[in-house]
Amino acid sequence: MRRLLHTYGTQLVLVLVVVSAFSVMSPQFRSFNNVVPLADGVSLLGLVALGVGLSVLVGEADLSVAAMAVIGGVLAIRLAPLGGLPALVVPVALACLYGAVQGWIVARFEVSSLLVTLASLIGLGGLAQILAHQETILLSDHDLGIADSLSVSWWALTPLSGAMLVACVGVGLLLAFTRFGSSLRAVGGGRAESRAAGIRPMPVMTSVFALSAGLSALAGALVALRSGAAAPDGYADTLLTAFAAVLIGGLELTGGRGNVMHVVLGCLVLRLLAMGTAMIGAPDYVGDIMTGTLLLSVLVLQRFGSALLRLTGAGRPRQAPLGAQG
Amino acid sequence: MTAQVDESSTPVSAASGPERLAALRSGPVLLVSVVVVALVVAGLRTPHFFTWDNAQTILRAAAIVGIAAVGMSFVTITGNFISLATGGTAVLAAVVFGLLSQHGMPVVPTVLCTLAVAAVLGGVQGVFVGLGFNPIITTLGAGGILMGVASWMTNLHSVVIHDSAALSIGRSAVAGVPSATIVFVALAVIGTIFRLKHRYGRLMALVGTSKPAAEATGLRPARVAIVAFGLASLCAALASVLQTSQFGQANTQSFPSLTFDVIAAVLVGGIPVAGGRGTPAGAALGAVVIALISNIMLLHGYSFGTRTFVQGVLVAVAIAVSVSALRARRSS
């Protein structure tokens, strides 16, 4: 329990603060009816954030995720006449392939992933516009069955939140129990040290960027198929929100620290914040301002938090890198 | 004269022969060859390309992005990558400019206030970056906040400008050349002279090359980051004021692609992403190249999406060239 509090303390407190603040301000907020939309909202953000989280964990940053989600959605709608399954699988597979190439370039040429993925973000944004002919594209009438089949829900579980759950458990297991997981943390903790320890960064990078691209495309495809529409200029805020979620969740940009639960909690904080502001009748941009402010505050805390804790005598010395723990 | 320029564009390295050659081969040559190829293809195949009107259209299209890119070049040269807050800064500046003008403030103080607000906001981002925060994530967050604040100030409505003096800034022209173009060219020239000839401009490149070396000369990299981001923000606001004045209104949708356009201009302009080299003139040329290519594709009827895609490819090529030049320098 103590360890749990130590690892997730800040995030749990944030969730509690947001929930209690909005519960006081808006009676609606307390209603159980919010659980399903909340789970769904967390899932869309969560799949993208999970990918970003993996890239951050390995000490890089994948900026292409926003464009990847858009292109996943556009491709899914375009492929829908072939059936629901191909419309989901093909975009994800293509995205994984593209992501793998990105990861390979980052590892092979030791380029900053920020730059590689920035070029992708711009280029893929254009590609999405080309594929969608610059307009919001819709599912044709006789493919609407796909949208219906994705709109079912069992209690709080929808296909979207189900996908999120599977992805979280899968990535969580991968990180905790496999060689890949420990190599990933090692590469994130220290590139040079891990190479000295005999871990090759290439396979790790390739799979991390393939995963992050695939997860984002999956999120985009699922949302597009369920709503029956995809806009080539959608997801403008996704990049900011996904990075905010990952950092608020407690991952550090220097890599190596954190796990899936951190990402989930970060997404939960942001979704609760967005839902809460909507329910008290505040406009969307209030949520945006709060997201940006939270992101910068978290950066400040990361930078000065440990020093602050040491000053007040409350903190323990910084833990050893997580790879050593488990 | 040439020796002097060379020396300042590779400040620390003891500029041996092959190094200098590699440095020269990377940015400018790529740029010039792209321009030449584009011009030849365009000239041969595009009707109406070689007209005075079209030249003006290209320069006007390049001007807004170019002005912001000249400012951004200092961020990249000082080794701070790029800023993702350009669009947010421009939108906020447009809104501040519009609202102040609506409230009856005379045009000169309005412009000065707008620029000052932007410079301070950029400086604050520079403080964060100077403290060691990742510049891209910092400016991503800052951009979100600026955009949000602009939405809050306008309540998502357009701010329409009625003051004729405020409108004349962006609509006036000297000898047929629009004001934005004049500001663009002047800023590129002044910026480049400052970067190459002024002591502080050269030191900024030194920070990009090697922070320890810069510290050894008594320079504080953290302060240089404040100046660099302040300049980038100032120039973004200047570009925004010119466009807002020309269009006569400001809203949160005013600069949808400015951030990426500016980044593309800087990188295509041959400023290496690792910092330390390059000039504002390069970024300005980059903006012209992108405007040129967009113009040609537009005249040939290509869509906005295709143009964006080509821009992304150009950025990728520019990054590849600058990285391979860096590797060549390291290995030689």
Side-chain angles (χ1 to χ4, degrees), chain A residues 56 61 63-64 67 74 105 109-112 114-135 232-233 236-237 239-244 246-247 252-254 282-300 302-304, chain B residues 81-82 84-85 87-88 124-125 128 131-138 140-156 252 256-257 259-261 263-264 267 273-274 302-320 322-324 326-327 330:
Chain A
V56 167
L63 297 178
S64 67
V74 171
I105 291 174
F109 300 105
E110 291 172 11
V111 207
S112 158
L114 284 166
L115 295 167
V116 176
T117 55
L118 185 68
S120 292
L121 180 64
I122 300 175
L124 290 177
L127 194 61
Q129 296 272 5
I130 298 173
L131 287 170
H133 301 303
Q134 269 105 245
E135 53 186 25
D233 54 356
D237 298 335
L239 197 60
L240 174 61
T241 340
F243 270 90
V246 164
L247 295 177
E252 290 181 12
L253 280 174
T254 42
D284 283 353
Y285 53 77
V286 176
D288 291 348
I289 299 179
M290 286 203 232
T291 307
T293 316
L294 259 181
L295 173 62
L296 291 187
S297 326
V298 166
L299 284 180
V300 174
Q302 278 188 8
R303 187 73 169 59
F304 300 113
Chain B
F81 283 124
I82 42 109
L84 289 182
V124 171
Q125 293 167 46
F128 275 82
L131 286 170
F133 297 163
N134 181 310
I136 293 189
I137 304 299
T138 305
L140 180 67
I145 297 177
L146 294 177
M147 200 60 112
V149 170
S151 315
W152 171 65
M153 287 168 72
T154 58
N155 212 3
L156 300 176
T252 49
S257 59
T259 305
F260 291 155
D261 290 346
I263 293 168
L267 295 179
V273 285
Y302 287 103
S303 67
F304 167 73
T306 319
R307 281 178 277 146
T308 314
F309 178 68
V310 168
Q311 194 172 320
V313 173
L314 267 181
V315 170
V317 170
I319 291 172
S322 96
V323 168
S324 64
L326 190 72
R327 285 164 64 86
R330 270 193 200 142

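Letters A, B, ... are given to chains in the order of the sequence lines, protein chains preceding strands, and every chain is numbered from 1.
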Self-check item: Heavy-atom pair of closest approach, residues Val300(A) and Phe133(B)
Solution: CA-CZ, 3.7 Å
Exercise. Using a cut-off of under 4.5 Å on heavy-atom pairs, state which of Gly305(B), Gly312(B), Ala320(B) scores highest against chain A.
Key: Gly305(B)
Quiz item: Are Ser303(B) and Thr306(B) close enough that a side-chain donor and a side-chain acceptor fall under 3.5 Å?
Solution: yes
In a table with atom names and distances, give each donor-acceptor pair under 3.5 Å that connects a side chain of residues 142-154 of chain B to protein atoms at least two apart or in another chain.
from	atom 1	to	atom 2	distance (Å)
Ser151(B)	OG	Met147(B)	O	2.8
Thr154(B)	OG1	Ala150(B)	O	3.0
Thr154(B)	OG1	Ser151(B)	O	3.3
Thr154(B)	OG1	Leu156(B)	N	3.2

Quiz item: Looking at residues at least two apart in the chain, or sitting in another chain, which of them share a side chain to side chain donor-acceptor pair (under 3.5 Å) with Ser112(A)?
Solution: none
Exercise. Just give me the residue among Thr241(A), Val116(A), Leu118(A) that pairs up with chain B most often, heavy atom to heavy atom, under 4.5 Å.
Key: Leu118(A)
Quiz item: Which bit of Thr293(A) comes within less than 4.5 Å of chain B, counting heavy atoms only: side chain, backbone, both or neither?
Solution: both
Self-check item: Portion of Ile105(A) that has a non-hydrogen atom of chain B nearer than 4.5 angstrom
Solution: neither
Self-check item: Which atoms of Tyr302(B) approach chain A - backbone, side chain, both or neither, heavy atom under 4.5 Å
Solution: neither
Self-check item: Most contacts with chain B, counted as non-hydrogen pairs under 4.5 angstrom, among Leu127(A), Leu63(A), Leu247(A)
Solution: Leu127(A)
Practice problem: Just give me the residue among Leu131(B), Thr252(B), Leu84(B) that pairs up with chain A most often, heavy atom to heavy atom, under 4.5 Å. | Solution: Leu131(B)
Quiz item: Is it the side chain or the backbone of Ile122(A) that comes within 4.5 Å of chain B heavy atoms, both, or neither?
Solution: both
Practice problem: Decide yes or no for Thr259(B) and Ile82(B): does some side-chain heavy atom of the first lie under 4.5 Å from some side-chain heavy atom of the second? | Solution: no
Exercise. Mind ranking Leu114(A), Thr291(A), Leu124(A) by heavy-atom pairs under 4.5 Å with chain B and telling me who comes out on top?
Key: Leu114(A)
Quiz item: Are Phe260(B) and Val315(B) side-chain neighbours, meaning at least one heavy-atom pair lies under 4.5 Å?
Solution: no
Quiz item: Any side-chain heavy atom of Tyr285(A) within less than 4.5 Å of one from Asn155(B)?
Solution: yes
Quiz item: Which bit of Leu131(A) comes within less than 4.5 Å of chain B, counting heavy atoms only: side chain, backbone, both or neither?
Solution: neither
Exercise. Could you check if a side-chain atom of Asp237(A) sits within less than 4.5 angstrom of a side-chain atom of Asp288(A), using non-hydrogen atoms only?
Key: yes
Quiz item: With a 4.5 angstrom heavy-atom cut-off, which part of Leu294(A) approaches chain B: side chain, backbone, both or neither?
Solution: neither
Practice problem: Can you tell which part of Ile137(B) gets under 4.5 Å to a heavy atom of chain A, answering side chain, backbone, both or neither? | Solution: both
Quiz item: If you tally heavy-atom pairs under 4.5 Å against chain B, which of Ala128(A), Gly123(A), Ala61(A) wins?
Solution: Gly123(A)
Self-check item: Per-residue contact mode, Leu140(B) against chain A (heavy atom under 4.5 angstrom)
Solution: both
Quiz prompt | Residue among Val286(A), Leu115(A), Leu296(A), Asp233(A) with most heavy-atom pairs under 4.5 Å to chain B | solution = Leu115(A)
Exercise. May I ask you to name which of Ile130(A), Leu295(A), Val111(A) has the most heavy-atom pairs under 4.5 Å with chain B?
Key: Ile130(A)
Self-check item: Side-chain heavy-atom pair Leu239(A), Leu121(A) within 4.5 angstrom cut-off
Solution: yes
Quiz item: Is there side-chain contact between Gln311(B) and Asp261(B), with at least one heavy-atom pair below 4.5 Å?
Solution: yes
